[in-house]
Amino acid sequence: MPRLSYRKALTRALADELARDERVFLLGEDIRVAASHVTAGLFTRFGPERVLDTPLSEQAFTSFATGAALAGMRPVVEFQIPSLLFLVFEQIVNHAHKFPLMTGGQCAAPVTYLVPGSGSRTGWAGQHSDHPYSLFAHVGIVTAVPATPTDAYGLLVSAIRHDDPVVVFAPAGALDVREDVDFAALAPVPLGRGVVRRAGDDVTVVAVGHLVHDALAVAEELAGQVSVEVFDPRTLYPFDLDGLCASVARTGRLVVVDDSNRSCGIAAEIIASIVERVPLAAPPRRVTRPDGAVLPFAPGLDRAVQPGRAALTAAIHLVTKDGT
Amino acid sequence: MPRLSYRKALTRALADELARDERVFLLGEDIRVAASHVTAGLFTRFGPERVLDTPLSEQAFTSFATGAALAGMRPVVEFQIPSLLFLVFEQIVNHAHKFPLMTGGQCAAPVTYLVPGSGSRTGWAGQHSDHPYSLFAHVGIVTAVPATPTDAYGLLVSAIRHDDPVVVFAPAGALDVREDVDFAALAPVPLGRGVVRRAGDDVTVVAVGHLVHDALAVAEELAGQVSVEVFDPRTLYPFDLDGLCASVARTGRLVVVDDSNRSCGIAAEIIASIVERVPLAAPPRRVTRPDGAVLPFAPGLDRAVQPGRAALTAAIHLVTKDGT
Amino acid sequence: MTDADPVRLYRTVRLIRRFEERAIDLVRAGTIVGGIHPYLGQEGIAAGVCAALRGTDLVTGTHRGHGHVLAKGADPARMMAELCGRETGLNRGRGGSMHAADFSVGVLGANAIVGAAGAILTGAVWARRRRGEDVVGATFFGDGAVNEGMLLEAFNLAALWRVPVLFVCENNGYATTMPVDGAVAGTITGRAEAFGMPAAVVDGQDPQQVHAAAAAAVGRMRDGGGPELVEARTYRFDAHHTFEHVVRLDYRPPQEVTAGRSRDPVRIQGGRLSDAERAAVDAEVEATLDAAVAYALASPEPDPAGALDHLYASGLNARSGGA
Amino acid sequence: MTDADPVRLYRTVRLIRRFEERAIDLVRAGTIVGGIHPYLGQEGIAAGVCAALRGTDLVTGTHRGHGHVLAKGADPARMMAELCGRETGLNRGRGGSMHAADFSVGVLGANAIVGAAGAILTGAVWARRRRGEDVVGATFFGDGAVNEGMLLEAFNLAALWRVPVLFVCENNGYATTMPVDGAVAGTITGRAEAFGMPAAVVDGQDPQQVHAAAAAAVGRMRDGGGPELVEARTYRFDAHHTFEHVVRLDYRPPQEVTAGRSRDPVRIQGGRLSDAERAAVDAEVEATLDAAVAYALASPEPDPAGALDHLYASGLNARSGGA
Ligand SMILES: Cc1ncc(C[n+]2csc(CCOP(=O)(O)OP(=O)(O)O)c2C)c(N)n1
Ligand SMILES: Cc1ncc(C[n+]2csc(CCOP(=O)(O)OP(=O)(O)O)c2C)c(N)n1
Ligand SMILES: [Mg+2]
Ligand SMILES: [Mg+2]
């Protein structure tokens with residue numbers, strides 16, 4: 001089977017949707033020459049009417065996308081840096097998101113916001129290394145964080161076809177993941193549906209984005225001692241609570257590993273949602289960035305602030321220590 | 001004892017700090033004539049160098065405040081609408097917050113952001129009724145939501161004296177609260193310290209901001225049936241987890257009522273933090289805005305989307321139903 | 001250009017004027033909750049600009065938006081019902097004064113965030129044209145909005161991509177209590193010209209002058225021209241917001257208010273009609289508004305069970321906030 | 001104005017040039033992680049502007065910020081150590097290329113967010129002056145930044161409040177791969193003039209011309225004048241970012257690159273020195289940079305246990321991310 005890289009999966013999703021639906025168009029900075037690689041070849045194939053390079057005016061082009069969506073288009077906006085979402089937070093949260101309700105159902109704002117390379121890009125330091133997906137889960141914007149090439153393809157396609165705004169985070173830590181893929185089988189992945197990546201009996205580990213791969217590695221490592229189930233929610237909002245409950249109801253133990261800040265992060269949400277519904281055999285644990293994290297530049301410091309395998313292993317041991 | 005209103009408490013805090021510390025100055029829209037009433041009399045008393053009316057340039061004046069703070073001042077920025085914080089999210093989160101770490105400790109950015117009238121102001125509808133405190137708790141910016149005039153005074157004073165950025169939300173629902181106060185006893189209230197507003201044995205209700213008053217009312221109402229302890233965290237970040245743990249360790253039951261969106265809100269954080277540390281006799285519950293809430297205009301709809309006393313009462317019954 | 005017919009222009013300014021006066025009564029009565037930003041005195045701008053537009057053209061308004069919505073053709077009865085928070089309102093009572101919208105007549109909404117709508121309108125007009133529709137747009141904003149970076153970014157985008165948007169600055173001298181000279185370095189037209197956009201100043205108190213300027217710009221835009229700006233000099237006759245009816249804010253000298261009010265667009269345009277014509281329009285407007293108010297008051301309030309209707313156009317069901 | 005001394009100016013551009021070349025070597029060697037945005041070709045701007053400033057004056061730089069930091073007087077050794085992520089770096093290795101700062105010489109930092117620094121600098125200069133210090137400031141930004149609303153808002157604020165800030169636009173023809181004509185409607189100087197700010201175009205390849213323009217503006221500002229803008233026309237000799245050394249992006253015609261590189265600020269300024277003078281400076285710069293690189297490489301990496309040092313200036317302890 002051919003190998004598909006995560007980055008190419010994004011490109012393919014964009015190309016397929018551009019080809020399928022005239023209403024789809026892309027806009028962002030340096031997307032013609034594909035500085036982020038994600039739009040490679042698309043300008044040549046689809047032309048300047050479908051692939052728009054913008055000035056450095058994130059607020060205006062984000063709202064331009066909103067307006068185009070209100071008028072019937074399906075824009076995809078690429079952002080070069082995760083923190084640019086801070087800059088357009090008002091435009092997304094206070095406008096695109098609110099238009100349908102505020103107008104009493106007169107319109108929809110189907111915009112996709114794509115961030116290729118979210119989270120730490122080693123060496124890019126404090127203002128370029130955020131992972132702000134929990135913010136969007138809080139405000140209630142559909143938020144997808146694909147972990148694999150297949151999901152990157154399928155979730156991006158679903159995002160573009162979705163009638164509300166969707167933010168797709170493509171973690172820097174996942175961009176180089178490759179997968180054997182039957183191209184004909186690539187398909188939309190439903191928003192709001194998680195997947196068990198590895199079955200296990202003793203503890204459910206929920207891992208977000210690139211951390212799915214770390215969780216799988218840790219699960220392998222622990223295979224002799226602890227039977228770890230790895231749950232990949234794929235979409236953080238809406239969250240597949242039924243899917244996760246089914247897993248946790250079996251294992252009775254929960255660890256969440258997530259690359260956003262601890263306080264009010266998705267890990268807190270997952271834990272709260274589970275303990276409201278499922279009795280646990282041990283207190284749940286989370287492995288996250290620290291509160292208020294700012295990623296320092298030096299690689300050793302940068303790594304120290306991110307959730308890693310050692311911390312996850314420790315958390316698993318903690319929740320399973322009273323035996324299974 | 002004289003009566004102090006919440007709004008006047010804010011004014012008094014500003015006046016006292018302006019008088020005490022030459023480095024303090026205020027900036028914002030229409031603060032000279034005090035359109036929000038909070039700065040009433042301050043322009044006359046302190047003059048145009050200390051009370052600056054700004055153009056409608058929230059991003060620039062927020063960063064202007066950052067720059068002034070880096071250069072040794074202690075600005076207080078007033079925002080007329082809670083959603084203006086969305087507009088300056090980048091300026092606060094990506095700049096003011098990050099400067100100390102990114103510069104390796106070369107500077108501090110002691111700015112206070114004050115939002116008088118956060119949450120629903122009945123009839124102001126979708127774009128003016130947000131309560132985005134959980135967003136700031138997520139990014140790790142000190143976040144205070146005073147419930148009473150005394151705390152409004154004391155927390156605002158502490159915010160201004162604090163060496164990092166602080167957001168102070170003054171909920172619309174609390175602005176008209178009055179309290180008998182010995183003015184001489186008004187004092188800074190430490191950031192990060194909660195308070196038990198009412199002692200009880202059966203369940204701990206954590207209530208945020210104006211909802212403290214609703215929680216107290218519900219507790220009174222239920223007095224015969226359930227003994228409710230009401231905990232007011234006052235600061236959401238940092239959160240007084242020790243204080244709350246002490247309460248929950250006694251009651252064994254937890255309900256959180258909070259006026260921000262459910263997913264990744266402060267209620268999720270509180271529940272997660274507690275279940276990590278304290279065994280509970282019943283699953284915890286939260287009463288919040290719905291996921292992704294946008295407040296509709298019509299008053300009946302607006303109220304329906306906010307957490308209220310009936311929902312809180314129901315939650316208390318739920319967590320205590322298996323007897324105490 | 002029948003739309004510039006003096007009688008029609010008069011009808012529009014008169015309709016807006018009386019609509020606002022009725023709405024203020026309803027604010028005082030407590031029927032309209034949350035108050036409004038009265039458009040009194042500025043009616044000539046919405047009337048003049050919208051008369052230069054077609055039904056399919058697009059507009060966005062402001063927090064002071066009733067005039068824009070009405071002038072573009074929204075039903076006054078459904079608009080009044082919206083302000084009263086009724087199920088029959090333009091937005092099913094979900095929007096209120098600052099979000100009133102009627103997509104069916106090209107009103108993409110009033111907008112409560114100063115400076116936010118320009119880029120939205122630019123995108124919408126671009127989209128319609130890309131789909132082959134011969135559409136132009138007008139976006140209204142105040143003198144305060146020209147200090148918002150997001151609006152200036154929109155100037156650039158529209159100019160760069162030659163999107164036919166008429167940027168209409170309603171310069172009423174104040175942003176809430178801030179005089180324009182205290183907030184705007186340079187000039188308003190200069191800010192448009194900086195982006196290579198033609199810009200003109202027009203007397204906003206004269207509906208016909210506004211119309212002439214707008215029609216000329218719209219004509220150039222339909223002929224393939226890029227965006228333009230019109231700065232309409234005007235005066236706000238009443239409060240920034242009706243809360244000022246209750247709490248006095250001291251920022252406009254009384255003489256200035258008197259002078260400002262002396263140039264009344266309704267009177268100016270009315271003066272161009274015969275007494276009989278004017279009386280006929282006035283009676284018709286009054287009847288329309290009587291009916292509008294009656295319709296609004298007779299309409300049901302929305303069912304709280306539907307408080308989250310339309311939260312997601314996709315039909316996604318939001319989790320409730322209850323325990 | 002001894003600072004405009006041709007030898008000193010030459011020393012600065014030469015220092016920046018060789019610093020950048022050394023840094024690129026260290027990127028290639030994997031010692032500098034994350035790459036850099038080379039300032040090669042633009043050295044004359046930082047050198048010329050900073051020569052017109054005093055030690056107490058304030059500047060902010062950009063993502064392409066090494067030149068700004070060095071020209072304002074930061075220690076090249078500690079700067080190099082910063083790029084290498086060492087504990088001895090200007091920012092204790094916490095900032096890296098895009099955040100290098102040295103408050104002790106008035107550098108409030110490079111800044112990774114395009115257009116963000118102008119308002120920060122304006123506030124800082126205002127604050128220092130309010131405290132009675134005779135300080136002015138210069139904020140550097142690219143041609144891409146003039147499309148950011150937040151920078152345009154800063155123009156307005158500085159002009160309105162007459163804060164003596166020199167807005168220095170380094171127009172190198174591109175924002176990453178976007179040519180300036182594809183992004184900037186109107187002109188760059190026109191955008192400053194729109195806010196009533198004097199604006200001039202200067203040859204950014206000639207350090208002395210830059211210095212003359214900056215010194216004149218700074219002089220006016222010290223005499224009580226308001227902010228001004230200088231647009232320095234320049235050319236980026238190398239990649240937008242060193243990642244382009246690995247991945248080829250196709251956006252600049254080779255002839256253009258050749259032509260652009262032909263006007264070299266180091267050669268232009270060097271031509272004003274005798275061979276002996278130039279050789280002496282070159283040798284001194286080389287020695288400085290040898291020492292700088294040696295210092296950086298010999299310096300320890302920060303202890304991961306201190307990863308969150310300085311997260312809060314107040315000393316607030318952040319909760320860890322572990323279970
Ligand atoms: C971005 C933003 N900032 C502040 C406000 C609060 N506000 C509402 S209207 C207004 C004044 C607007 O002035 P102008 O643009 O001149 O319009 P006018 O009210 O005079 O019609 C302000 C400050 C807002 N709604 N949005
Ligand atoms: C607000 C913002 N948008 C986008 C980026 C990504 N980015 C970094 S540098 C750059 C180009 C900047 O161009 P210009 O201002 O001309 O400066 P130059 O790189 O040419 O020196 C872009 C798009 C960013 N850092 N910040
Ligand atoms: Mg105005
Ligand atoms: Mg450039």
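In the text below, chain A, chain B and the rest are named by the order of the sequence lines, each starting its count at 1.
Contacts with chain B were tallied for A:His138, A:Glu276, A:His97; A:His138 has the most, counting heavy-atom pairs under 4.5 Å. When each of A:Gln59, A:Arg286, A:Arg285 is checked for heavy-atom pairs under 4.5 Å with chain B, A:Arg286 comes out on top. The candidate with the highest count of non-hydrogen atom pairs below 4.5 Å against chain B, out of A:Gln127, A:Arg277, A:His95, is A:Gln127. Taking chain B as the reference chain and counting heavy-atom pairs below 4.5 Å, the highest number among A:Ser83, A:Pro238, A:Pro132 is found for A:Ser83.
Near-neighbour residues of residues 262-275 of chain A relative to chain B, defined by a heavy atom under 4.5 Å from a heavy atom of that chain, comprise A:Arg262, A:Ser263, A:Cys264, A:Gly265, A:Ile266, A:Ala268, A:Glu269, A:Ile271, A:Ala272, A:Ser273, A:Val275. For residues 85-94 of chain B, a heavy-atom distance under 4.5 Å to chain A picks out B:Phe86, B:Leu87, B:Phe89, B:Glu90, B:Gln91, B:Val93, B:Asn94, given by residue number. Of all residues spanning residues 296-303 of chain A, those with a heavy atom less than 4.5 Å away from chain B's heavy atoms are A:Pro296, arranged by number. Contacts from residues 101-110 of chain A to chain B, taken as heavy-atom pairs separated by less than 4.5 Å, involve A:Leu101, A:Met102 in sequence order.
With a threshold of 4.5 angstrom between heavy atoms, B:Ala125 does not approach chain A through any atom at all. If you measure heavy-atom distances from A:Arg289 to chain B, you find no contacts under 4.5 Å at all.
More than 12 heavy atoms of other shown residues, nucleotides or ligands fall within 6.0 angstrom of atom CZ in B:Arg250.
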**Study point:** Stepwise side chain to side chain contact (heavy atoms under 4.5 Å, CB included) test for A:Val139 and B:Asp130
**Key:** CA-CA 10 Å; A:Val139 294; B:Asp130 302 274; over 6 Å; no
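To the nearest 0.5 Å, atoms CG (A:Asp291) and CZ (B:Phe239) are separated by 12.0 Å.
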